[in-house]
Amino acid sequence: MNVADSQAMAQALAPDYVLTSRAEDADLFLINTCAIRRKSEEKVKSLLGSLRGLKKTRPRLLIGVGGCVAQQERERLLAAAPHLDLVFGPRSLRRLPELVARAQRGERPVDVELIPGLPEAPCIHQPGRAQALVTIMQGCDNFCAFCVVPYVRGREESREPGAILREVAAFLAGGGLEVTLLGQNVNSYGRGLAEPITFPQLLRRVAALPGLTRLRFATSHPRDLSPELIALFGEMPALCQHLHLPVQSGANRILAAMNRGYTREQYLDRVAALRSACPDIALTTDLIVGFPGETEADFQETLSLMGEAAFDAAFSFKYSPRPQTRAASLPDQVPEAVKAARLARLQALQAELTLRSNARLVGQVSEVLVEGASRRSPRELSGRLRTNQVVNFPGPPELVGRLATVALTEAHPHSLKGRWLEAHSTWPLVA
Ligand code: 5AD
Ligand code: SF4
């Protein structure tokens, strides 16, 4: 979601500003921020501090902080950093050109209005890009007890289906292959629209657009995952065989205290339904350790749920108290050392599960959407399977942005290695 927001910022400021990868060249430095845990908030503050020197050597450089930390900290950021020129929240992106103009005049604008309404103008994706992130809703009304998102991103609001379809159609007409629909809770898409529509209905309309090869979405709330949506995984050819379904905890007591709205048993029932609708689906999740009051027995329940659900991958975090949230003022905060020890045990278990899941794929021949050069070796390419695992393989740079057929040869903890099967690939594709 933050990547999509950063793209929207760049777009709002074009053509007056273009992107540069060299900080020394920049006339405007925008830091997009995340407030979900304290650590990400601290990173912003230290990055902002490190820009002080740059501003000294280039007094005309403008520096701005946007996103959720900006929304939360507001004027406090200006007070802490005299070299900061503008502050804007996640719902102020459209007003960015005007805010930058005010900063150029020496004002130090702060725009953190949570004004309803999603940008109507269709987002223009760069031609030749194979992948697009498409925001379909903003905000969140769930108020999970640990989460700051409803406070910094405001009330849940769905974008008109017509605007979404126009944006996706324009992207596909430019040669796009993969679309990821984004929202904090996509399963409740369509509530409150003048002409209500459900998320499965939206998916059907998007999937009917010509040229769509891969359709993904994030994030799903387990409580709102309907049987109709589950069934789509077995029926809709464009829909990728991957679902990110954050469970957070395996203990019913903790799930209730988190205000998640489902039990361990209901979650596992949905996992079983997904696997029966689509046997090769990959499931990934988010997990929090050390929520206030979490006992060793509760934590054991999380470990056992991970085994039962057999997650293919997981993002896991130590609980971090956030301002305004209910959980921050709960008694029985878990000591830092206990959180760290639980996180290490959980991650060791997930590493085993992920390696086992990757190992099951070795020997298969699969479709990879090539995303770029691999991080480890510039001579290798890196891409993703429909089930979302990363695959690295030697191949020509011309394959970037295209589909390649790859034999999966080795499983690693976070990726697979493969061999490009040139003759089987749909390469070269039509441009
Ligand atoms: N502490 C730790 N993790 C959190 N998340 C959200 N809020 C917190 C918090 N206060 C995690 C959840 C969520 C993911 C995006 O971040 O697991 O699914
Ligand atoms: Fe946060 Fe819960 Fe909303 Fe997700 S559903 S953004 S965890 S409040």
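Indexing begins at 1, ligand by ligand and atom by atom, following the structure's order.
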Give a yes-or-no answer on whether the side chains of [X] and [Y] include a donor-acceptor pair shorter than 3.5 Å.
{"X": "Arg264", "Y": "Ser304", "result": "yes"}
{"X": "Ser226", "Y": "Glu228", "result": "no"}
{"X": "Asp312", "Y": "Thr284", "result": "no"}
{"X": "Glu156", "Y": "Ser188", "result": "yes"}

Could you list each nitrogen or oxygen of ligand 1 that sits under 3.5 Å from a protein nitrogen or oxygen, with the atom names and the distance?
from, atom 1, to, atom 2, distance (Å)
ligand 1, 1 (N), Ser320, N, 3.0
ligand 1, 10 (N), Phe146, O, 3.0
ligand 1, 10 (N), Ser320, O, 2.8
ligand 1, 16 (O), Arg37, NH1, 3.1
ligand 1, 17 (O), Gln248, OE1, 2.6
ligand 1, 18 (O), Gln248, NE2, 2.9
ligand 1, 18 (O), Asp286, OD2, 2.6

Any idea how [X] and [Y] line up, ring-wise: parallel (<30°), tilted (30 to 60°), or perpendicular (>60°)?
{"X": "His242", "Y": "His244", "value": "tilted"}
{"X": "Phe291", "Y": "Tyr319", "value": "perpendicular"}
{"X": "Phe217", "Y": "Phe199", "value": "perpendicular"}

Subject >> Ligand-side contact atoms (ligand 2) for residue partner Phe146, heavy atom cut-off under 4.0 Å >> reply: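 The list of qualifying atoms is 7 (S).
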
**OP:** Only one of Lys43, Lys45, Arg37 passes salt bridge (charged side-chain N to carboxylate O under 4.0 Å, His left out) with Glu41; say which it is.
**Re:**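 Considering Lys43, Lys45, Arg37, a salt bridge (charged side-chain N to carboxylate O under 4.0 Å, His left out) with Glu41 is found only for Lys45.
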
Original post:
Quick one: how many protein N/O/S atoms are under 2.8 Å away from atom 3 (Fe) of ligand 2?
Top reply: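 Number of qualifying protein atoms: 1.
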
Subject >> Carboxylate-amine/guanidinium proximity below 4.0 Å for Lys339 and Glu294 >> reply: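 No, no charged N to carboxylate O under 4.0 Å.
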
Subject >> Under-4.0 Å heavy-atom contact with ligand 2, by part of Arg260 that carries it >> reply: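 Side chain only.
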
Subject >> Option from Asn185, Asn187, Asn142 for which side-chain hydrogen bond (donor to acceptor under 3.5 Å, both in side chains) with Asp224 holds >> reply: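 Result for side-chain hydrogen bond (donor to acceptor under 3.5 Å, both in side chains) with Asp224: Asn185.
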
